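All remarks here apply to the structure that follows.
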Amino acid sequence: MREQQESQGELSRRAVVAAGAVTALAASALGAATSAQAATKASGGLKVGVGKAAFTPGASLLPLDNFTAVHDDLNVRVLLVESGSRRIALAVLDLTSISAEAVALMRDAITVASGVTAANIMVTVTHCFSAPHVQASSSSAGAAAYVQNIVAATKSAVADAVKNLQDAEVGYGSGRVDVNVNRNVLTADGYWLGVNEQLPSDKGVYVARFNDLDGNPIAVLANYNVQSCVMQDSVMADGTLPISADLGGAAVAHVESQYPGAVGFWLVGACGDQFPAYRSKRYTIDKDKGWTYGVDLHDAGFALLTAQGERLGDEIVRVAQGIGRYESGKGVVVRLVTDDITTTQVTGPQAGAPTKKVTFTPTGTAKVPLWVFQVGKGVFAGVEPELSTSTANTIRENSSFSSTFVMSMFEGGAKNMPDTWNFDHVTYAAVDGFYIKGTAEKAVARIDRIIKSLN
């Protein structure tokens, strides 16, 4: 696959124009060459379209899932990627999770508007804890209206994506930003939630940038390991519990402010053992390893959200600005591979407090779906449950692609799929999980096999 770089001819043209010494004949000839190059890049090659729309519950729907006010909007963002006759859609929502009912309705809307088949539509969430959960429409009138908000916003976003579908180029980059922290903390009663600087935390931020053929950004995708829970459970001074897109939303909003007209996508990574470093309502551990949850900064917590969102957004933009190699045209491979693994599903105690021992009861077999999406030299691996840091690290280390994104919370999201370490140390992720020990490692092996098959 060819890598599109700015041609020496274009660099020369700019230098000559800047000096004011180019002749009309030379400019005309060079303009024709540049047009021919653009036509070659565009012919039957990579196309991209984006759309974004808010689905925030209106005042008439509040309170909803205990939320009583709105701080900032919840959005659905849609990315269409096309090459030749193949078109694939990705929808990302500012939610903790989303019901199968809502996912199915979204897929129907995307198919009708874009022609993308259900099998080629990926739906994921940012794992934002400052948004109402999506309940079944049959549960209440408010829940039904909320689902309809999501569907209507999806229709609007995908319509915009279809409308602005255009020839594009894609480039990849990565950076580092210290906003996340391992949340597994040893208390007197066993591992619980908090801040642990000594345990693994991947600070890598992985970025994909799609441009039009003039180099203007269309979409910026960012993958980072952290839950969007800066404002989780934080009650304001006036007693309200506000809705917010939280950390992921703040980060991509910053990106969008730097690239007007472009859409930013937050692709949540291995979030099963990662908190934001600073939260408005937080866990504390004393010298005797006793724990509490309830220290709340209230309204002041939004300063933490703004600062950390900007920090993440700044690094995403820095990486996006530094991408020097792009691919476009027919040489960009676009494909989506879906698969699954079979494992044993279990139930255990509710993760309400730390414990040193846990007994899991098998409840039958379960299939864990997997998605591997390739765009040129980049590959995106997604799973439904929350992953642990070591799981994502292993997928990246084993990948033959120069840019590998690893994402949790596909298909609406599921409970944790912890690695062996979390099981052995009886962490929150282990107690809160759905699957037997070894499932994460089995998923890694299958994803590795899929990624190898793409080369």
Side-chain angles (χ1 to χ4, degrees), residues 46-52 75-83 88-94 121-128 157-158 160-161 164-166 168-175 177 204-212 216-226 228 245 247-259 261-271 309 312-323 325-328 332 334-336 371-382 392 395-396 399 401-410:
L46 179 68
K47 292 179 181 290
V48 168
V50 294
K52 167 187 168 184
N75 289 283
V76 56
R77 293 168 167 89
V78 173
L79 173 74
L80 295 180
V81 181
E82 179 182 300
S83 181
I88 295 169
L90 170 68
V92 182
L93 302 102
D94 294 323
I121 298 171
M122 297 169 285
V123 177
T124 185
V125 296
T126 61
H127 208 35
C128 164
V158 72
D160 286 343
N164 65 43
L165 190 71
Q166 59 191 295
E169 60 183 12
V170 61
Y172 297 97
S174 63
V177 60
V205 57
Y206 306 91
V207 177
R209 174 171 165 172
F210 292 91
N211 295 333
D212 64 24
N216 302 306
I218 301 170
V220 178
L221 284 61
N223 180 213
Y224 189 74
N225 296 348
V226 71
S228 286
L247 183 56
V252 295
H254 182 76
V255 172
E256 291 168 346
S257 74
Q258 298 300 300
Y259 297 126
V263 176
F265 291 79
W266 181 257
L267 306 178
V268 63
C271 55
L312 262 170
D314 281 341
E315 180 64 358
I316 295 165
V317 171
R318 187 195 69 79
V319 173
Q321 285 292 97
I323 295 172
R325 292 184 173 181
Y326 286 88
E327 306 171 75
S328 64
V332 181
V334 174
R335 54 187 163 186
L336 173 63
W371 291 261
V372 178
F373 175 43
Q374 179 188 356
V375 184
K377 289 182 169 59
V379 66
F380 302 75
I395 292 171
R396 282 199 177 90
S399 175
F401 282 77
S402 57
S403 296
T404 303
F405 296 63
V406 182
M407 297 161 290
S408 302
M409 308 307 293
F410 265 51

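Position 1 is the first residue of the sequence; numbering continues from there. Computed from a predicted model, the values in this text were never measured in an experiment.
- To the nearest 0.5 Å, the span separating CD1 on Ile395 from CE on Met407 amounts to 10.0 Å.
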Derivation of the side chain to side chain contact (heavy atoms under 4.5 Å, CB included) call for Arg325 and Lys377
CA-CA 11 Å; Arg325 292 184 173 181; Lys377 289 182 169 59; over 6 Å; no
Might you work through the side chain to side chain contact (heavy atoms under 4.5 Å, CB included) test for Val406 and Tyr206, ending with a clear yes or no?
CA-CA 9 Å; Val406 182; Tyr206 306 91; over 6 Å; no
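- The distance from the CG atom of Leu267 to the NE2 atom of His127 is 14.5 Å, given to the nearest 0.5 Å.
- Between the side chain of Gln374 and the backbone N or O of Gly376, at least one donor-acceptor pair lies under 3.5 Å.
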Determine, step by step, whether Trp371 and Thr124 satisfy the side chain to side chain contact (heavy atoms under 4.5 Å, CB included) criterion, reporting the C-alpha distance in whole Å, the side-chain angles of both residues, the deciding distance to 0.1 Å, and the verdict.
CA-CA 11 Å; Trp371 291 261; Thr124 185; over 6 Å; no
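- Note: Leu336 CG to Ile88 CD1 = 5.0 Å, rounded to the nearest 0.5 Å.
- Atom CD1 in Ile316 sits 12.5 Å away from atom OG in Ser174 (nearest 0.5 Å).
- Between the Asn211 side chain and the Glu169 main chain, no donor and acceptor come within less than 3.5 Å of each other.
- Contacts of Ala253 classified as side chain to side chain contact (heavy atoms under 4.5 Å, CB included), with partners at least two apart in sequence or in another chain: none.
- Heavy-atom minimum distance, Ala89 versus Leu80: CB-CD2, 3.6 Å.
- The CG atom of Asn75 sits 5.0 Å away from atom NZ of Lys52, with the distance rounded to the nearest 0.5 Å.
- Under the 4.5 Å side-chain criterion, counting only non-hydrogen atoms from C-beta, Leu93 is in contact with Val123.
- Of the possible donor and acceptor atoms, none in the side chain of Thr404 sits under 3.5 Å from a partner among the backbone N and O of Arg396.
- Looking at residues two or more places apart in sequence or on another chain, you find a side chain to side chain contact (heavy atoms under 4.5 Å, CB included) between Ser403 and Tyr172, Phe405.
- Not counting sequence neighbours, the partners of Val252 by the side chain to side chain contact (heavy atoms under 4.5 Å, CB included) test are Arg77, Trp266.
- Every residue two or more places apart in sequence or in another chain that forms a ring-ring contact (aromatic ring centres under 6.0 Å, His included) with Phe373 is listed here: Phe380.
- None of Val268, Thr126, Val125 except one satisfies the side chain to side chain contact (heavy atoms under 4.5 Å, CB included) rule with Val92; the exception is Thr126.
- Listed for the Asn164 side chain is a donor-acceptor partner under 3.5 Å among the backbone atoms of Asp160.
- Applying the salt bridge (charged side-chain N to carboxylate O under 4.0 Å, His left out) rule to Arg335 yields no partners; only residues at least two apart in sequence or on another chain are considered.
- Here the side chains of Leu90 and Val81 are not in contact, with every heavy-atom distance at 4.5 Å or above.
- The distance from the CZ atom of Phe265 to the CG atom of Leu79 is 4.5 Å, given to the nearest 0.5 Å.
- At least one side-chain heavy atom of His254 sits under 4.5 Å from a side-chain heavy atom of Asp314.
- Judged purely by atom type and a 3.5 angstrom limit, Tyr224 uses its side chain to pair as donor or acceptor with the backbone of Val177.
- In terms of the side-chain hydrogen bond (donor to acceptor under 3.5 Å, both in side chains) criterion, Gln166 has no residue partners (sequence neighbours excluded).
- Side-chain atoms of Ser408 come within 3.5 Å of backbone N or O of Gly269 as a donor-acceptor pair.
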